[in-house]
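Below: the structure, in structure tokens.
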Amino acid sequence: MSFGVPFFPQEASSEAGHVDALFYTLLAFAVVLGLSLTGLVVGYAVKYRVGSPADRTGRRSRTMALEIAWTTASLIIAFIFFGWGAVLFVRREHPPADALEITGLGKQWMWEFRHPGGQREINELHVPVGKAVVVSLAAQDVIHSFYVPAFRIKQDAVPGRTTHIWFIATEPGRYHLFCAQYCGTQHSEMGGWVTVMAPEQYTSWLNGQGEGDTLAASGEKLFRALGCSGCHGAGSKVRAPVLEGIFGRPVALANQQTVIADERYLRDSILNPNKEIAAGYEPVMPSFDGLIDEGELQMLLAYLKSLSPRPSAGTKT
Ligand SMILES: [Cu+2]
């Protein structure tokens, strides 16, 4: 629905049409409302201009029915737009369960992406056409924002959190990628391109990136190198919870609460282990805050998630 006007970027994702439909409807509504109000203002200004023969006796009439009608109509219209926006918001919060999960890390001043197979790219993101992709975002330093206008998606990457955005690219091509949150002197240069390719091309592109560890395998190496396995591994002397299958499972805490072990929980368990102590264990796990960077944390999370049989996408922080 671009009306052939070059002001709006191409619609190249599953979300673009939905967002544009709402946007253009709101725009049309605002134009109609704006024009009719302007018409009334101008009309009355002309009618009651100085010296005009209009009736100025000032009789007042008030129709209750009319008052109620326009108030109710405005309320209903406002709620229609609210409901429409809410439906799109909920949709945006729930990626399809089979989505391909790519990690994105924002840092001053570049975007670094990692594919599940461990392939890494900077300021470039290759994705297959027609397949749901969820980008799970983290920030190394300050708030950045992952923004692809042609997909009509934008999501902040916030330090200390994992956030998500998903899309299905619908047209092969190259699309601008930006950081949409002012993040320092070279903010304007923080961006690049999303390349949407046919699935076979995407596969051969992945294969052409050279052999390397998958994201989860890099995470497993870190898990050993950082000494996590010394406590959490089988046969360890320290009593520490087994991490197999932890992702997505309810965990009983020492304070009697139960939480779901989502990305938020795993992240906090590693960076701030004393915040939530697993029931039945001593709070002896050291904090890894400052010892690992966000990229390494993403690898550890990928590893911990790979220990769970269920599909890892589709969960929210
Ligand atoms: Cu930025």
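Whatever order the structure lists ligands and atoms in, that order sets their numbers, starting from 1.
The distance from atom NE2 of H18 to atom CG of D20, rounded to the nearest 0.5 Å, is 10.5 Å.
With the Cu ion (ligand 1) as the vertex, ND1 (H144) and SG (C183) define an angle of 100°, rounded to 10°.
Counting heavy atoms of neighbouring residues, nucleotides and ligands inside a 6.0 Å radius, atom OH of Y44 does not exceed 12 of them.
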Practice task
Run the numbers on R120 and Q209 for side chain to side chain donor-acceptor pair (under 3.5 Å), then give the verdict.
Solution key: CA-CA 8 Å; R120 193 173 90 116; Q209 296 304 298; over 6 Å; no
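Between F146 and F178, the gap from one ring centroid to the other reaches at least 6.0 Å.
The Cu ion (ligand 1) lies under 2.8 Å from an N, O or S atom belonging to M190. For the Cu ion (ligand 1), the set of nearby N, O or S atoms under 2.8 Å includes one belonging to C179.
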